[in-house]
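Following: one structure in C-alpha coordinates, then a few remarks.
Letters A, B, ... mirror the listed sequences (proteins, then strands); counts begin at 1.
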There are 2 protein chains.
Amino acid sequence: MVQKEGTKEQLLRVSAELFRKKGYRATSMRDISRALGIKTSSIYYYINSKEDLLREISVKTMNMLIKAGEKVAFSPSPPEQKLKQLVISHVRLLCENLDLFTVTLHELTRTNASSFWKEIVGMRDRYETLVRGIIRNGKESGVFRNVSEKMAGFALLGMLNWIVRWYSPSGGKSIEDIARLWADIFLNGIKER
Amino acid sequence: MVQKEGTKEQLLRVSAELFRKKGYRATSMRDISRALGIKTSSIYYYINSKEDLLREISVKTMNMLIKAGEKVAFSPSPPEQKLKQLVISHVRLLCENLDLFTVTLHELTRTNASSFWKEIVGMRDRYETLVRGIIRNGKESGVFRNVSEKMAGFALLGMLNWIVRWYSPSGGKSIEDIARLWADIFLNGIKER
DNA sequence: GTCTATACTTTGATAGAC
DNA sequence: GTCTATCAAAGTATAGAC
(Lines give C-alpha, C1' and ligand atoms only; values in the text may rest on other atoms or scores of the structure.)
Protein backbone atom coordinates (compact mmCIF):
# COMPACT_ATOMS: atom_id res chain seq x y z
CA MET A 1 0.00 0.00 0.00
CA VAL A 2 1.38 3.33 -1.08
CA GLN A 3 1.22 6.11 1.49
CA LYS A 4 -0.35 9.23 0.02
CA GLU A 5 1.56 12.42 0.76
CA GLY A 6 -0.32 14.57 3.23
CA THR A 7 -0.43 18.35 2.96
CA LYS A 8 1.99 18.75 5.83
CA GLU A 9 4.59 16.51 4.18
CA GLN A 10 4.04 18.29 0.90
CA LEU A 11 4.54 21.61 2.64
CA LEU A 12 7.89 20.55 4.07
CA ARG A 13 9.03 19.06 0.78
CA VAL A 14 8.09 22.07 -1.34
CA SER A 15 9.53 24.49 1.21
CA ALA A 16 12.86 22.68 1.23
CA GLU A 17 12.86 22.75 -2.56
CA LEU A 18 12.34 26.51 -2.64
CA PHE A 19 14.71 27.20 0.26
CA ARG A 20 17.40 25.34 -1.61
CA LYS A 21 16.74 27.15 -4.88
CA LYS A 22 16.39 30.71 -3.57
CA GLY A 23 17.64 30.58 -0.01
CA TYR A 24 15.56 30.53 3.16
CA ARG A 25 15.48 34.26 3.61
CA ALA A 26 14.77 35.07 -0.03
CA THR A 27 11.85 32.66 -0.17
CA SER A 28 8.60 34.25 0.92
CA MET A 29 5.60 32.53 2.42
CA ARG A 30 3.81 33.75 -0.68
CA ASP A 31 6.30 31.81 -2.85
CA ILE A 32 5.57 28.67 -0.90
CA SER A 33 1.80 29.04 -0.97
CA ARG A 34 1.89 29.70 -4.70
CA ALA A 35 3.92 26.55 -5.28
CA LEU A 36 1.45 24.59 -3.19
CA GLY A 37 -1.60 26.05 -4.87
CA ILE A 38 -3.10 27.33 -1.64
CA LYS A 39 -3.42 30.72 0.02
CA THR A 40 -0.63 31.98 2.23
CA SER A 41 -2.77 32.08 5.35
CA SER A 42 -3.59 28.39 4.95
CA ILE A 43 0.02 27.49 5.63
CA TYR A 44 -0.39 28.72 9.19
CA TYR A 45 -2.85 25.94 9.85
CA TYR A 46 0.16 23.58 9.74
CA ILE A 47 2.94 25.66 11.25
CA ASN A 48 3.33 28.64 13.56
CA SER A 49 5.99 30.55 11.69
CA LYS A 50 8.37 30.48 8.79
CA GLU A 51 11.19 29.67 11.18
CA ASP A 52 9.28 26.61 12.35
CA LEU A 53 9.27 25.42 8.77
CA LEU A 54 13.04 25.59 8.66
CA ARG A 55 13.34 23.97 12.06
CA GLU A 56 11.16 21.01 11.10
CA ILE A 57 13.11 20.52 7.90
CA SER A 58 16.42 20.61 9.75
CA VAL A 59 15.35 18.25 12.53
CA LYS A 60 14.09 15.75 9.99
CA THR A 61 17.36 16.00 8.09
CA MET A 62 19.64 15.63 11.07
CA ASN A 63 17.61 12.69 12.34
CA MET A 64 18.24 10.83 9.10
CA LEU A 65 21.95 11.56 9.34
CA ILE A 66 22.33 10.55 12.98
CA LYS A 67 20.34 7.37 12.54
CA ALA A 68 22.58 6.30 9.66
CA GLY A 69 25.70 7.37 11.52
CA GLU A 70 24.84 5.42 14.65
CA LYS A 71 24.06 2.32 12.69
CA VAL A 72 27.59 2.39 11.31
CA ALA A 73 29.35 3.54 14.48
CA PHE A 74 27.70 0.88 16.64
CA SER A 75 28.33 -1.97 14.22
CA PRO A 76 30.96 -4.58 15.07
CA SER A 77 33.22 -3.72 12.12
CA PRO A 78 36.80 -2.52 12.56
CA PRO A 79 37.44 1.28 12.35
CA GLU A 80 38.66 1.15 8.78
CA GLN A 81 35.50 -0.59 7.63
CA LYS A 82 33.31 1.71 9.71
CA LEU A 83 34.82 4.82 8.22
CA LYS A 84 34.36 3.53 4.71
CA GLN A 85 30.76 2.63 5.44
CA LEU A 86 30.12 6.01 7.01
CA VAL A 87 31.45 7.83 3.96
CA ILE A 88 29.27 5.79 1.64
CA SER A 89 26.17 6.19 3.77
CA HIS A 90 26.80 9.92 4.23
CA VAL A 91 27.30 10.66 0.55
CA ARG A 92 24.30 8.60 -0.48
CA LEU A 93 22.05 10.27 2.07
CA LEU A 94 23.02 13.77 0.93
CA CYS A 95 22.68 13.00 -2.77
CA GLU A 96 19.32 11.30 -2.36
CA ASN A 97 17.94 14.15 -0.25
CA LEU A 98 19.60 17.13 -1.84
CA ASP A 99 16.93 19.68 -0.98
CA LEU A 100 16.79 18.74 2.69
CA PHE A 101 20.53 18.57 3.23
CA THR A 102 21.46 21.59 1.16
CA VAL A 103 19.05 23.75 3.12
CA THR A 104 20.01 22.38 6.51
CA LEU A 105 23.75 22.54 5.93
CA HIS A 106 23.50 25.97 4.39
CA GLU A 107 21.45 27.58 7.14
CA LEU A 108 23.17 25.72 9.97
CA THR A 109 26.08 28.11 9.87
CA ARG A 110 24.34 31.28 10.88
CA THR A 111 25.36 32.88 14.11
CA ASN A 112 21.90 34.42 14.37
CA ALA A 113 21.06 30.90 15.48
CA SER A 114 20.02 32.21 18.90
CA SER A 115 17.89 29.70 20.74
CA PHE A 116 16.11 28.05 17.88
CA TRP A 117 19.19 26.35 16.45
CA LYS A 118 20.38 24.86 19.72
CA GLU A 119 18.58 21.62 18.96
CA ILE A 120 20.05 21.30 15.46
CA VAL A 121 23.53 22.28 16.52
CA GLY A 122 23.34 19.66 19.25
CA MET A 123 22.48 17.01 16.67
CA ARG A 124 25.32 18.11 14.44
CA ASP A 125 27.69 17.83 17.40
CA ARG A 126 26.44 14.34 18.08
CA TYR A 127 27.26 13.30 14.55
CA GLU A 128 30.69 14.91 14.70
CA THR A 129 31.33 12.98 17.89
CA LEU A 130 30.50 9.73 16.12
CA VAL A 131 32.97 10.51 13.35
CA ARG A 132 35.73 11.51 15.74
CA GLY A 133 35.12 8.38 17.79
CA ILE A 134 35.74 6.13 14.81
CA ILE A 135 38.96 7.96 14.01
CA ARG A 136 40.08 7.67 17.63
CA ASN A 137 39.39 3.93 17.62
CA GLY A 138 41.51 3.56 14.51
CA LYS A 139 44.35 5.42 16.17
CA GLU A 140 44.07 3.29 19.29
CA SER A 141 44.22 0.08 17.34
CA GLY A 142 47.18 1.37 15.37
CA VAL A 143 45.64 1.37 11.89
CA PHE A 144 45.39 5.17 11.66
CA ARG A 145 48.21 7.60 12.13
CA ASN A 146 48.37 9.95 15.08
CA VAL A 147 46.27 12.75 13.58
CA SER A 148 44.02 15.10 15.52
CA GLU A 149 40.53 13.56 15.53
CA LYS A 150 39.01 17.00 15.46
CA MET A 151 41.02 18.29 12.51
CA ALA A 152 40.77 15.05 10.56
CA GLY A 153 37.05 14.94 11.28
CA PHE A 154 36.55 18.47 9.97
CA ALA A 155 38.55 17.57 6.88
CA LEU A 156 36.37 14.55 6.20
CA LEU A 157 33.05 16.26 6.87
CA GLY A 158 34.02 19.25 4.75
CA MET A 159 35.02 17.00 1.90
CA LEU A 160 31.72 15.12 2.13
CA ASN A 161 29.31 17.97 2.83
CA TRP A 162 30.67 20.08 0.01
CA ILE A 163 28.98 17.72 -2.42
CA VAL A 164 25.67 19.53 -2.04
CA ARG A 165 27.34 22.48 -3.74
CA TRP A 166 27.93 20.78 -7.06
CA TYR A 167 26.25 17.37 -7.24
CA SER A 168 23.50 16.86 -9.77
CA PRO A 169 21.66 13.55 -10.26
CA SER A 170 22.03 14.01 -14.01
CA GLY A 171 25.82 14.20 -13.76
CA GLY A 172 27.98 11.41 -15.11
CA LYS A 173 29.45 9.96 -11.91
CA SER A 174 27.48 7.50 -9.83
CA ILE A 175 27.04 8.21 -6.13
CA GLU A 176 28.76 4.93 -5.25
CA ASP A 177 31.80 5.73 -7.39
CA ILE A 178 32.24 9.13 -5.79
CA ALA A 179 31.82 7.74 -2.27
CA ARG A 180 34.28 4.89 -2.84
CA LEU A 181 36.90 7.24 -4.29
CA TRP A 182 36.60 9.63 -1.38
CA ALA A 183 36.66 6.90 1.24
CA ASP A 184 39.77 5.62 -0.46
CA ILE A 185 41.47 9.04 -0.50
CA PHE A 186 40.70 9.78 3.12
CA LEU A 187 41.55 6.33 4.44
CA ASN A 188 44.87 6.23 2.63
CA GLY A 189 45.43 9.74 3.89
CA ILE A 190 45.29 8.81 7.56
CA LYS A 191 46.33 5.16 7.44
CA GLU A 192 49.49 4.07 9.18
CA ARG A 193 52.12 2.89 6.71
CA MET B 1 53.38 55.70 5.66
CA VAL B 2 50.19 54.08 6.79
CA GLN B 3 47.30 54.21 4.35
CA LYS B 4 44.16 55.51 6.02
CA GLU B 5 41.07 53.48 5.34
CA GLY B 6 38.69 55.37 3.06
CA THR B 7 34.95 55.29 3.55
CA LYS B 8 34.47 53.01 0.58
CA GLU B 9 36.92 50.43 1.96
CA GLN B 10 35.32 50.73 5.36
CA LEU B 11 31.93 50.18 3.79
CA LEU B 12 33.04 46.96 2.13
CA ARG B 13 34.76 45.70 5.26
CA VAL B 14 31.84 46.41 7.60
CA SER B 15 29.35 44.99 5.11
CA ALA B 16 31.29 41.73 4.84
CA GLU B 17 31.43 41.56 8.60
CA LEU B 18 27.67 41.90 8.92
CA PHE B 19 26.91 39.65 5.95
CA ARG B 20 28.98 36.96 7.57
CA LYS B 21 27.32 37.36 10.95
CA LYS B 22 23.68 37.61 9.85
CA GLY B 23 23.69 36.57 6.23
CA TYR B 24 23.47 38.79 3.17
CA ARG B 25 19.73 38.74 2.92
CA ALA B 26 19.09 39.22 6.63
CA THR B 27 21.37 42.24 6.78
CA SER B 28 19.59 45.48 5.95
CA MET B 29 21.11 48.61 4.53
CA ARG B 30 20.04 50.20 7.80
CA ASP B 31 22.15 47.68 9.72
CA ILE B 32 25.15 48.64 7.64
CA SER B 33 24.65 52.39 7.92
CA ARG B 34 24.18 52.09 11.67
CA ALA B 35 27.45 50.17 11.99
CA LEU B 36 29.17 52.84 9.90
CA GLY B 37 27.67 55.71 11.81
CA ILE B 38 26.15 57.35 8.75
CA LYS B 39 22.65 57.57 7.30
CA THR B 40 21.38 54.85 5.01
CA SER B 41 21.01 57.14 2.04
CA SER B 42 24.68 58.10 2.27
CA ILE B 43 25.69 54.57 1.35
CA TYR B 44 24.25 55.09 -2.09
CA TYR B 45 26.86 57.70 -2.79
CA TYR B 46 29.37 54.82 -2.96
CA ILE B 47 27.34 52.01 -4.51
CA ASN B 48 24.26 51.60 -6.67
CA SER B 49 22.57 48.77 -4.83
CA LYS B 50 22.92 46.24 -2.07
CA GLU B 51 23.70 43.59 -4.65
CA ASP B 52 26.61 45.70 -5.86
CA LEU B 53 28.00 45.57 -2.37
CA LEU B 54 27.99 41.79 -2.43
CA ARG B 55 29.45 41.73 -5.92
CA GLU B 56 32.36 43.99 -5.01
CA ILE B 57 33.10 41.91 -1.93
CA SER B 58 33.05 38.71 -3.94
CA VAL B 59 35.22 40.01 -6.78
CA LYS B 60 37.80 41.26 -4.31
CA THR B 61 37.79 37.90 -2.57
CA MET B 62 38.10 35.78 -5.68
CA ASN B 63 40.88 38.00 -6.98
CA MET B 64 42.93 37.28 -3.89
CA LEU B 65 42.34 33.57 -4.28
CA ILE B 66 43.17 33.41 -7.97
CA LYS B 67 46.30 35.50 -7.59
CA ALA B 68 47.61 33.19 -4.89
CA GLY B 69 46.57 30.10 -6.85
CA GLU B 70 48.31 31.21 -10.03
CA LYS B 71 51.48 32.03 -8.17
CA VAL B 72 51.62 28.43 -6.99
CA ALA B 73 50.40 26.78 -10.17
CA PHE B 74 52.86 28.65 -12.38
CA SER B 75 55.85 28.02 -10.14
CA PRO B 76 58.53 25.55 -11.26
CA SER B 77 57.91 23.11 -8.38
CA PRO B 78 56.83 19.50 -8.96
CA PRO B 79 53.09 18.69 -8.60
CA GLU B 80 53.43 17.30 -5.11
CA GLN B 81 55.11 20.48 -3.87
CA LYS B 82 52.63 22.66 -5.73
CA LEU B 83 49.66 20.94 -4.16
CA LYS B 84 51.10 21.28 -0.71
CA GLN B 85 51.83 24.97 -1.28
CA LEU B 86 48.34 25.53 -2.64
CA VAL B 87 46.74 23.97 0.41
CA ILE B 88 48.80 26.11 2.75
CA SER B 89 48.16 29.31 0.80
CA HIS B 90 44.44 28.53 0.49
CA VAL B 91 43.93 27.83 4.18
CA ARG B 92 45.91 30.85 5.26
CA LEU B 93 44.02 33.15 2.91
CA LEU B 94 40.63 31.98 4.18
CA CYS B 95 41.57 32.17 7.83
CA GLU B 96 43.11 35.61 7.52
CA ASN B 97 40.09 36.97 5.63
CA LEU B 98 37.26 35.10 7.28
CA ASP B 99 34.58 37.72 6.67
CA LEU B 100 35.31 38.07 2.98
CA PHE B 101 35.61 34.36 2.24
CA THR B 102 32.74 33.21 4.42
CA VAL B 103 30.39 35.61 2.69
CA THR B 104 31.62 34.88 -0.80
CA LEU B 105 31.65 31.11 -0.42
CA HIS B 106 28.29 31.13 1.31
CA GLU B 107 26.46 33.23 -1.26
CA LEU B 108 28.23 31.75 -4.26
CA THR B 109 25.97 28.73 -4.22
CA ARG B 110 22.69 30.40 -4.93
CA THR B 111 20.97 29.45 -8.14
CA ASN B 112 19.30 32.85 -8.18
CA ALA B 113 22.71 33.91 -9.42
CA SER B 114 21.13 35.12 -12.66
CA SER B 115 23.48 37.41 -14.55
CA PHE B 116 25.23 39.11 -11.69
CA TRP B 117 27.10 36.03 -10.48
CA LYS B 118 28.48 35.08 -13.90
CA GLU B 119 31.67 36.96 -13.19
CA ILE B 120 32.23 35.34 -9.80
CA VAL B 121 31.34 31.86 -10.99
CA GLY B 122 33.80 32.31 -13.83
CA MET B 123 36.53 33.16 -11.35
CA ARG B 124 35.69 30.15 -9.20
CA ASP B 125 35.89 27.96 -12.29
CA ARG B 126 39.31 29.40 -13.09
CA TYR B 127 40.56 28.45 -9.66
CA GLU B 128 39.09 24.95 -9.91
CA THR B 129 40.87 24.58 -13.22
CA LEU B 130 44.17 25.45 -11.56
CA VAL B 131 43.63 22.80 -8.90
CA ARG B 132 42.63 20.13 -11.37
CA GLY B 133 45.61 20.99 -13.52
CA ILE B 134 48.04 20.30 -10.72
CA ILE B 135 46.38 16.97 -10.00
CA ARG B 136 46.53 16.04 -13.68
CA ASN B 137 50.23 16.90 -13.83
CA GLY B 138 50.86 14.65 -10.86
CA LYS B 139 49.04 11.81 -12.55
CA GLU B 140 50.99 12.33 -15.77
CA SER B 141 54.31 12.22 -13.98
CA GLY B 142 53.24 9.13 -12.10
CA VAL B 143 53.35 10.49 -8.55
CA PHE B 144 49.57 10.57 -8.14
CA ARG B 145 47.22 7.65 -8.61
CA ASN B 146 44.73 7.55 -11.45
CA VAL B 147 41.95 9.46 -9.72
CA SER B 148 39.40 11.70 -11.41
CA GLU B 149 40.79 15.24 -11.31
CA LYS B 150 37.31 16.59 -10.99
CA MET B 151 36.26 14.39 -8.08
CA ALA B 152 39.58 14.68 -6.28
CA GLY B 153 39.49 18.44 -6.82
CA PHE B 154 36.02 18.72 -5.31
CA ALA B 155 37.16 16.61 -2.37
CA LEU B 156 40.11 18.89 -1.74
CA LEU B 157 38.24 22.15 -2.14
CA GLY B 158 35.40 20.94 0.06
CA MET B 159 37.85 19.92 2.74
CA LEU B 160 39.58 23.30 2.60
CA ASN B 161 36.60 25.60 2.17
CA TRP B 162 34.69 24.01 5.01
CA ILE B 163 37.11 25.67 7.40
CA VAL B 164 35.14 28.92 7.29
CA ARG B 165 32.36 27.04 9.05
CA TRP B 166 34.26 26.36 12.25
CA TYR B 167 37.60 28.18 12.32
CA SER B 168 38.13 30.83 14.97
CA PRO B 169 41.37 32.78 15.40
CA SER B 170 41.10 32.20 19.13
CA GLY B 171 41.07 28.42 18.69
CA GLY B 172 44.03 26.34 19.77
CA LYS B 173 45.36 25.09 16.45
CA SER B 174 47.62 27.26 14.34
CA ILE B 175 46.71 27.86 10.72
CA GLU B 176 49.99 26.34 9.60
CA ASP B 177 49.45 23.15 11.61
CA ILE B 178 45.99 22.65 10.16
CA ALA B 179 47.16 23.29 6.62
CA ARG B 180 50.13 20.95 6.91
CA LEU B 181 47.99 18.15 8.32
CA TRP B 182 45.43 18.48 5.57
CA ALA B 183 48.03 18.69 2.81
CA ASP B 184 49.51 15.55 4.27
CA ILE B 185 46.19 13.70 4.40
CA PHE B 186 45.21 14.63 0.87
CA LEU B 187 48.63 13.99 -0.67
CA ASN B 188 48.96 10.59 0.97
CA GLY B 189 45.40 9.93 -0.15
CA ILE B 190 46.14 10.30 -3.84
CA LYS B 191 49.83 9.40 -3.95
CA GLU B 192 50.96 6.39 -5.92
CA ARG B 193 52.38 3.68 -3.66
C1' DG C 1 -8.87 22.92 6.20
C1' DT C 2 -9.12 26.70 3.22
C1' DC C 3 -10.70 31.13 2.19
C1' DT C 4 -10.94 36.75 2.15
C1' DA C 5 -9.36 40.71 4.05
C1' DT C 6 -6.18 43.24 6.21
C1' DA C 7 -2.97 44.88 9.96
C1' DC C 8 1.53 46.04 10.75
C1' DT C 9 6.57 46.12 9.89
C1' DT C 10 10.59 46.33 7.34
C1' DT C 11 12.82 46.75 3.20
C1' DG C 12 15.77 48.97 -0.77
C1' DA C 13 16.05 53.04 -2.88
C1' DT C 14 15.33 58.13 -4.51
C1' DA C 15 14.85 63.40 -4.42
C1' DG C 16 16.72 67.31 -3.24
C1' DA C 17 18.65 70.59 0.44
C1' DC C 18 23.02 71.77 2.51
C1' DG D 1 29.70 63.68 0.96
C1' DT D 2 26.12 63.59 4.13
C1' DC D 3 21.71 64.91 5.52
C1' DT D 4 16.11 64.88 5.97
C1' DA D 5 12.10 63.20 4.22
C1' DT D 6 9.66 59.96 1.96
C1' DC D 7 7.93 56.25 -1.17
C1' DA D 8 6.39 52.02 -3.07
C1' DA D 9 6.84 47.31 -2.55
C1' DA D 10 7.15 43.25 -0.15
C1' DG D 11 7.34 40.80 3.99
C1' DT D 12 5.08 37.79 8.08
C1' DA D 13 1.24 36.94 10.44
C1' DT D 14 -3.70 37.20 12.33
C1' DA D 15 -8.98 37.40 12.55
C1' DG D 16 -12.86 35.44 11.39
C1' DA D 17 -16.23 33.57 7.76
C1' DC D 18 -17.30 29.30 5.46
What is the distance, rounded to the nearest whole Å, between atom [atom1] of [X] and atom [atom2] of [N]?
X: Lys8(B); N: dT2(D); atom1: NZ; atom2: C1'; value: 17 Å
X: Leu11(B); N: dG1(D); atom1: CG; atom2: C1'; value: 13 Å
X: Leu36(B); N: dT2(D); atom1: CG; atom2: P; value: 10 Å

- Query: Among Arg193(B), Lys191(B), Arg145(B), whose salt bridge (charged side-chain N to carboxylate O under 4.0 Å, His left out) with Asp184(A) holds?
  - Reply: Arg145(B)
- Task: Would you tell me if any nitrogen or oxygen in the side chain of Tyr45(B) comes within less than 4.0 Å of OP1 or OP2 on dC3(D)?
- Result: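 Tyr45(B) to dC3(D) OP1/OP2: no side-chain N or O under 4.0 Å.
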- Message: Any side-chain N or O of Ser42(A) below 4.0 angstrom from OP1/OP2 of dC3(C)?
- Response: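 True: Ser42(A) side-chain N/O within range (under 4.0 Å) of dC3(C) OP1/OP2.
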- Message: Less than 6.0 angstrom from the centroid, inside 45 degrees of the normal: does Arg132(A) satisfy that with respect to the ring of Phe154(A)?
- Response: yes
- Task: Is it possible for you to check whether Lys84(A) lies under 6.0 Å from the centre of the six-membered ring of Phe186(A), through NZ or CZ, and within 45° of that ring's axis?
- Result: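 Cation-pi check for Lys84(A) and Phe186(A): fails.
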- Message: Arg124(B): which residues meet the side chain to side chain donor-acceptor pair (under 3.5 Å) condition with it, sequence neighbours left out?
- Response: none
- Task: Considering only NZ, NE, NH1 and NH2 on the basic side and carboxylate oxygens on the acidic side, decide whether Glu9(B) and Arg13(B) come within less than 4.0 Å.
- Result: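 No salt bridge links Glu9(B) with Arg13(B).
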- Message: Once side-chain contact (heavy atoms from CB on, under 4.5 Å) is applied, do any residues pair with Ser168(A), and if so which ones, sequence neighbours excluded?
- Response: Ser170(A)
- Can you give one letter per nucleotide of nucleotides 7-18 of chain D, going 5' to 3': B for a protein heavy atom under 4.0 Å from the base, S for sugar-phosphate only, - for none? ----BBBBB---
